[in-house]
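On a predicted model such as this, the values are computed, not experimentally measured, just so you know. Lettering follows sequence order; numbering is per chain, from 1.
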Amino acid sequence: MPELPEVETIKRSLEPVCGRRVVEVIEVNPVVVKRRDFSASSLVGCVLKQVARRGKYLVLEFDEDHFMVVHLGMSGRFYRMASSEERAKHTHFIVKLKAGEELRYWDPRRFGGVWLVSKPAELFTALGPEPFTDDFCQEYLQERFHGRKAAIKSLLLDQSVVAGIGNIYADEILFAAGIHPARPAGSLSAEELERLCKVTGEVLGRGIDCRGTTFRDYRDGNNERGGFQDFLTVYSREGEPCTVCGQQICRIKLGGRSSHYCPCCQK
DNA sequence: AGCTCACCCTGGACGC
DNA sequence: TGCGTCCAGGGTGAGC
């Protein structure tokens, strides 16, 4: 389940291929391309200038205002691989680069997608601030959450509130903040919001340091597993003891998503 | 406007 | 062994 730390890790692991020229593009499954301002073949001859991230989106910038935006949904991978390596089932889109290497978009569940656009910012107009910027602060959350009755967990998952948080890190962030996931967002005090902002950066930062969380599908840009799954405090730990107080971790459904929390540490 | 929920999709786990 | 059913969830959109 690629969230901000996973996409950031992929971004960093793709930096070595910046500067390489595209020699061929193969649309194995054109259905995954959600929008095309230009044909895939017009990428041929372009140089990959840089790789960026916005929320959970990976943004590949080629020259001549050609951008390839990738979202990995919940089961997607985007990685570099030698062209000689066998192509796995569910490989939907391939960008072949000079020197025998290629970028492969693989996604068995196809919840993700690819956008070939000239102005990527148009895709991101509804996205909230990045959690590592000054815009993401206690005052901002106070304004956004004022009067809101929805569960804080649901709003942390809302990409228009803050970009990049998914189900795993939302649970981990709320545990670190000592806040119960079902609390109405509008009921959080200024102190709690301050703490929420602080631990959001810390938890996501640790996720990046561990190169992401791999349960099943996630791999980085080198097709390697992450390490944060070994440090999870609540997610996927239903019935196991809390790492702080020893109480059993509980699981409830909020907004259709599993939410894990410690009934003793989170109020 | 805010909130909840169904839907898309596939592979894996589980029960019979 | 094999079949059927359920579950995971990011984003979107329908409906209340």
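- The pair Lys198(A)-Glu202(A) meets the salt-bridge criterion, since a charged nitrogen lies less than 4.0 angstrom from a carboxylate oxygen.
- Distances shown here put every side-chain N or O of Lys34(A) at or beyond 4.0 Å from the OP1 or OP2 atom of dG11(C).
- The CD-P distance, from Glu6(A) to dG9(C), rounds to 13 Å in whole Å.
- Taking atom CG of residue Leu58(A) and atom P of nucleotide dG10(C), one finds them 17 Å apart after rounding to whole Å.
- Base contact: Arg257(A) has a heavy atom under 4.0 Å from a base atom.
- To the nearest angstrom, P of dC6(C) lies 13 Å from NZ of Lys253(A).
- Applying the 4.0 Å criterion to OP1 and OP2 of dG9(C), one finds that Ser258(A) has a side-chain N or O inside that range.
- Residue Gly256(A) is out of contact with every strand shown, counting any heavy-atom pair closer than 4.0 Å.
- Taking the charged nitrogens against the carboxylate oxygens, Asp217(A) and Arg219(A) have no contact shorter than 4.0 Å, which rules out a salt bridge.
- With salt bridges taken as basic N to acidic carboxylate O contacts below 4.0 Å, none links Arg206(A) and Glu172(A).
- Residue Tyr235(A) has a polar side-chain atom (N or O) positioned under 4.0 Å from OP1 or OP2 of dG9(C).
- Note: CZ (Phe111(A)) to P (dG9(C)) measures 11 Å, nearest angstrom.
- The nearest whole Å value for the distance from the CG atom in Leu157(A) to the P atom in dG11(C) is 9 Å.
- For the pair Gln159(A) and dG11(C), the criterion of a side-chain N or O lying under 4.0 Å from OP1 or OP2 is met.
- Atom NE2 in His71(A) sits about 15 Å away from atom P in dG9(C), given to the nearest Å.
- Using a cut-off of 4.0 Å between Lys/Arg side-chain N and Asp/Glu carboxylate O, Lys153(A) and Asp171(A) are scored as salt-bridged.
- Just one residue in the list Glu143(A), Arg144(A), Gln142(A) forms a side chain to side chain donor-acceptor pair (under 3.5 Å) with Tyr140(A), and that residue is Arg144(A).
- Among the nucleotides dT12(C), dC9(B), dG10(C), the one closest to the side chain of Arg109(A) is dC9(B).
- Residue His90(A) has a polar side-chain atom (N or O) positioned under 4.0 Å from OP1 or OP2 of dG11(B).
- When distances run from any side-chain atom of Ala150(A) to the nucleotides dG11(C), dT10(B), dC3(B), the shortest one goes to dC3(B).
- OP1 or OP2 of dA8(C) sits under 4.0 Å from a side-chain N or O of Arg251(A).
- Put simply, CZ on Arg35(A) is 17 Å from C1' on dT12(C), counting in whole angstrom units.
- For the OP1/OP2 pair of dT10(B) and a distance below 4.0 Å, the side-chain nitrogens and oxygens of Arg110(A) include at least one atom meeting the criterion.
- Rounded to an integer number of Å, the gap from CG of Leu232(A) to P of dA8(C) is 16 Å.
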